[in-house]
Amino acid sequence: MSRDHVQSAERPRPAPGPDPAARTDTVDGSGARTDTGVADTGAAGSARTGTGAADSGGTGPAGRAAAAPEPAVAETPFLELLARGASADAYEQPVLLARAEGRPAERIAALEEAKLLALRVRSELEGRRRREAELSALFETAHDLAGLRDLDAVLQAIVQRARSLLGTDVAYLSLNDTARGDTYMRVTEGSVAARFQQLRLGMGEGLGGLVAQTARPYVTDDYFRDDRFQHTVPIDTGVRDEGLVAILGVPLMLGNTVIGVLFAADRRARVFEREQIALLGSFAALAAAAIDTANLLAETRSALAGLERANEIIRDRSGVIERASDVHDRLAELVLRGGGVHDVAAAVAEVLDGTVEFTEAAAAPARALQSSRAEGHAVPHGDDWIAAVAAGGELLGALVLRGQPGLDPVDQRTLERAAMVTSLLLLARRSAAEAEQRVRGELLDDLLDARDRDPRLLRERASRLNADLDATYAVLATRLETGTADADQEADARRRLWAAASHLAATGEGLAAARDGGTVLLLPLAPGDTATGLARRAARQLGTAVQEPVTVGASAPVEHLTARPDTVAAAYAEARRCLDALRLLGRAGDGAAAEDFGFLGLLLAGDRDVGGFVERTIGRVMAYDERRGTELLRTLDAYFACGMSPARTKDELHVHVNTVAQRLERVGRLLGDDWQDPGRALEIQLALRLRRLAGRTPPVAE
């Protein structure tokens, strides 16, 4: 490992103090250590077990012999500290106590030497215990990962182990996207910021992008002050949202190829030591192998049906020529590697020494395509050959071999086999997408209809779809405004609307279901967003996707969807009323909620939000009167009661006509210049009457 790439993890370590062992320890022939630094041989050696009288001897030779046990006595408190596993600070106590008691300098020096030796022994013991724990954890990790077969479970186990081994706040794993040329966040553990969990890093961007690009580990103890890698606004924003400071990243390698990066990070400054970097690197090696195994198993399962059929075809014709066998091997390898439709076309083009393209059914020659579908074989079309890609009764497209009018039967069969593999790949992808859409639709159907469902089970089902039923949602009712009377075209347009609505729900962490000739969507409301804004965006996005106007009615925001059985059903009824109102008002292709219809919104809203209507209509005038003590509301009441005549209004209020004019001018500034237009005036009068009904003010005599 290059020192440049782990330099922030290495810090100068304090130089070791004098090594008492270097002076006092020797090793005998058996490997045992003996103390040679003190006079403990001969008669002096026996003084170690002497009596108190010997310790208090005179100053002659006998007295000096009695003083010889001092170093051995000095080691006793430190041996006790080692035995009970005391903290490093506790090793200062014997020295401090000796100084406090006024012990001789020789005694204190002996204690200092014994302390240093004991601390070295303690450090060595702690290091060995730590390494033993790390090796044990790595062994257990390798054992656990070897038994995993699901990719998601493998990745989750990886980040959990990484976080546990290094004791960090957060651990996460990113995988390289070879198609887009970047690396994306795949799994996190301990993360709390949604934006951080959805980061994508270009090669060389951020610390993770640099690791993915260089295939070397990098570490920083202060991310935002480190200029070794390229900082970008999206990455820095995500890291700041998560609150990370110290980050360590090591590559996940398969051979010489980087498939991702494993990270460990803290929300405080921290120095990752070389041993920790090496430990995470070892774990990453196990993780990379486990990921590769899980990927291969998943790809094998998804292609199993196709391979079985392909193997039958190859076995039937295996005796024809070696070329057909070569095609089978190429296609099988392609499917196992997770290749797509265009990869299959490229592989067949190489075998047939020509140009092979996959085209949609609408772009292929209609007559030749139908003939190939009916016969089950590739058919000629001018200088080209057409092989239908079909499954059951559905036509999915065609493989077209360009510029080879003369095709022998073996090559024709090769093209047909490639078309079959292509159809299996397309069906596998569609099945996965449809399965998720079906699960989302079933959950929304249960929320709408099955009102006796267990709320706990509903929440669990929603969490598996990344939906939080305790969040704030809006229910959207959508309807396609088709301009055709053809039943087949209308059915096709509805299928496209359902597909677009399902995609919108999946990307927006919501739910979608087909209902009442259209679709119903349950989408979360972001902070600061409104049901109206959500409806209008949905109308634009769905209309763009299906190339037809789509009208969207939205309910008022709803919360705690499982608290009351009829919450979602009532919100859907309100959304449908808004949808019908939009169509009656000639606003097809638009999106709106009840709050957009003025006083009509009172009739459309499920909760009859009278207070909200009054506040939206004359709230600014009400606030002005309360703040200034004026009588603008009373003047408005009188003005409308007097047929909008200032002269009659001044008689009703017993004020000067100029006073009436000034008050009405103030109302205009608060409500807008169009407040006297018929539509606005009707809403204002209705709000005034509703306010009176609420008991706030007495009516003005009419």
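- By the 4.5 Å heavy-atom criterion applied to side chains, Asn176 and Met203 are counted as neighbours.
- Residues forming a salt bridge (charged side-chain N to carboxylate O under 4.0 Å, His left out) with Asp529 (at least two apart in sequence, or on another chain): Arg537.
- Here Arg270 does not pair with Asp221 in a salt bridge; the nearest charged N to carboxylate O distance is not below 4.0 Å.
- At least one donor-acceptor pair closer than 3.5 Å links the side chain of Glu574 to the backbone N or O of Ala556.
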Point to revise | CA sep, side-chain torsions, deciding dist, call: Phe272, Ile247, side-chain contact (heavy atoms from CB on, under 4.5 Å) | key: CA-CA 9 Å; Phe272 290 97; Ile247 304 176; 5.9 Å; no

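- For Gln197, the side-chain hydrogen bond (donor to acceptor under 3.5 Å, both in side chains) partners two or more places apart in sequence, or in a different chain, are Ser191.
- Residues satisfying the side-chain hydrogen bond (donor to acceptor under 3.5 Å, both in side chains) criterion with Thr168, sequence neighbours excluded, are absent altogether.
- Counting only heavy atoms from C-beta outward, the side chains of Val211 and Val250 never approach each other to under 4.5 Å.
- Remark: Tyr473 pairs with no residue by the side-chain hydrogen bond (donor to acceptor under 3.5 Å, both in side chains) rule, at least two apart or across chains.
- Although no hydrogens or angles enter the test, the distance criterion places a donor-acceptor pair under 3.5 Å between the side chain of Arg620 and the main chain of Leu670.
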Practice item. Show your reasoning for whether side-chain contact (heavy atoms from CB on, under 4.5 Å) applies to Met185 and Arg200. Key: CA-CA 6 Å; Met185 203 72 71; Arg200 296 190 76 97; over 6 Å; no

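- Atom CG of Leu525 and atom OG1 of Thr530 lie 7.5 Å apart (nearest 0.5 Å).
- In this structure, Ala171 and Ala162 approach most closely via the heavy-atom pair CB-CB, 4.3 Å.
- Taken to the nearest 0.5 Å, the CD atom of Gln156 stands 10.0 Å off from the CG atom of Leu173.
- Of the possible donor and acceptor atoms, none in the side chain of Ser164 sits under 3.5 Å from a partner among the backbone N and O of Gln160.
- In terms of the salt bridge (charged side-chain N to carboxylate O under 4.0 Å, His left out) criterion, residue partners of Asp674 (sequence neighbours excluded) are, by chain and number, Arg680.
- Leu244 CG to Thr220 OG1: the interatomic distance, rounded to the nearest 0.5 Å, is 11.5 Å.
- Checking side-chain atoms of Ser502 against main-chain N and O of Trp498 turns up a donor-acceptor pair under 3.5 Å.
- Residues Val475 and Leu521 have side chains not in contact (no heavy-atom distance under 4.5 Å, counting atoms from C-beta outward).
- Inter-residue side-chain proximity for Thr188 and Val159 is flagged as unmet; no heavy-atom pair is nearer than 4.5 Å.
- Residue pairs meeting the salt bridge (Lys or Arg N to Asp or Glu O under 4.0 Å) criterion with at least one member in residues 187-198, sequence neighbours excluded: Arg163-Glu189, Arg195-Asp241.
- For the pairing with Tyr639, the side-chain hydrogen bond (donor to acceptor under 3.5 Å, both in side chains) check across Arg634, Glu652, Gln676, Lys650 returns one residue only, Gln676.
- Side-chain contact of Tyr218 with Asp226: a donor-acceptor pair under 3.5 Å is absent, judged by distance alone.
- Annotation: the span from Leu688 atom CG to Asp637 atom CG amounts to 5.0 Å, rounded to 0.5 Å.
- For CZ of Arg225, the number of neighbouring non-hydrogen atoms (other residues, nucleotides, ligands) closer than 6.0 Å is 12 at most.
- Using a distance-only test at 3.5 Å, with no hydrogens or angles considered, no donor-acceptor pair links the side chain of Asp236 to the main chain of His231.
- The backbone N or O of Thr478 lies less than 3.5 Å from no partner atom in the side chain of Thr519, so there is not a single donor-acceptor pair.
- Contact check for Gln213 versus Leu210: side-chain heavy atoms found under the 4.5 Å cut-off.
- Residues Val261 and Leu252 form no side-chain contact, since every pair of their non-hydrogen atoms from C-beta on lies 4.5 Å or further apart.
- Side-chain atoms of Arg267 come within 3.5 Å of backbone N or O of Glu242 as a donor-acceptor pair.
- The backbone N or O of Glu559 lies less than 3.5 Å from no partner atom in the side chain of Thr472, so there is not a single donor-acceptor pair.
- In terms of heavy atoms, Asp182 sits closest to Gly202 at CB-CA, 3.9 Å.
- Checked against salt bridge (charged side-chain N to carboxylate O under 4.0 Å, His left out), Arg666 has no partners two or more places apart in sequence or in another chain.
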Point to revise | Worked check of side-chain contact (heavy atoms from CB on, under 4.5 Å) between Arg536 and Asp590 | key: CA-CA 6 Å; Arg536 289 175 178 169; Asp590 197 0; 4.0 Å; yes

Practice item. Check the pair Val550 / Val552 against side-chain contact (heavy atoms from CB on, under 4.5 Å), numbers first and verdict last. Key: CA-CA 7 Å; Val550 177; Val552 179; 4.2 Å; yes

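- Annotation: the span from Asp266 atom CG to Asp169 atom CG amounts to 4.5 Å, rounded to 0.5 Å.
- Under the 4.5 Å side-chain criterion, counting only non-hydrogen atoms from C-beta, Trp675 is in contact with Leu664.
- Residues that satisfy the ring-ring contact (aromatic ring centres under 6.0 Å, His included) test with Phe640, not counting sequence neighbours, are absent from this structure.
- Residue pairs meeting the ring-ring contact (aromatic ring centres under 6.0 Å, His included) criterion with at least one partner in residues 170-194, sequence neighbours excluded, are Tyr172-Phe196, Tyr172-Phe263.
- Residues Ala571 and Ser555 approach most closely at O-CB, 3.2 Å, considering heavy atoms.
- Applying the side-chain hydrogen bond (donor to acceptor under 3.5 Å, both in side chains) rule to Thr630 yields the partners Asp625; only residues at least two apart in sequence or on another chain are considered.
- Listed for the Asp177 side chain is a donor-acceptor partner under 3.5 Å among the backbone atoms of Ala179.
- Taking all atoms of both residues into account, the shortest heavy-atom contact from Leu199 to Gly238 is CD1-CA, 4.3 Å.
- In plain terms, the two heavy atoms of Gly190 and Val170 that are nearest each other are O-CG2, 3.7 Å.
- Partners of Asp470 according to the salt bridge (charged side-chain N to carboxylate O under 4.0 Å, His left out) rule, which considers only residues two or more places apart in sequence or in another chain, are Arg459.
- With respect to the salt-bridge test (charged N to carboxylate O, under 4.0 angstrom), the residues Arg268 and Asp222 do not qualify.
- When the side chain to side chain contact (heavy atoms under 4.5 Å, CB included) test is applied to Gln230, the partners found at least two apart in sequence or on another chain are Glu205, Thr232.
- Closest approach of Ser174 and Thr183 over heavy atoms only: OG-OG1, 3.2 Å.
- Remark: side-chain polar atoms of Thr551 are paired, donor with acceptor, to backbone N or O of Gly589 under 3.5 angstrom.
- Side-chain atoms of Leu504 and Leu542, non-hydrogen and from C-beta on, do get closer than 4.5 Å to each other.
- Atom CD1 in Ile684 sits 9.5 Å away from atom CG in Asp677 (nearest 0.5 Å).
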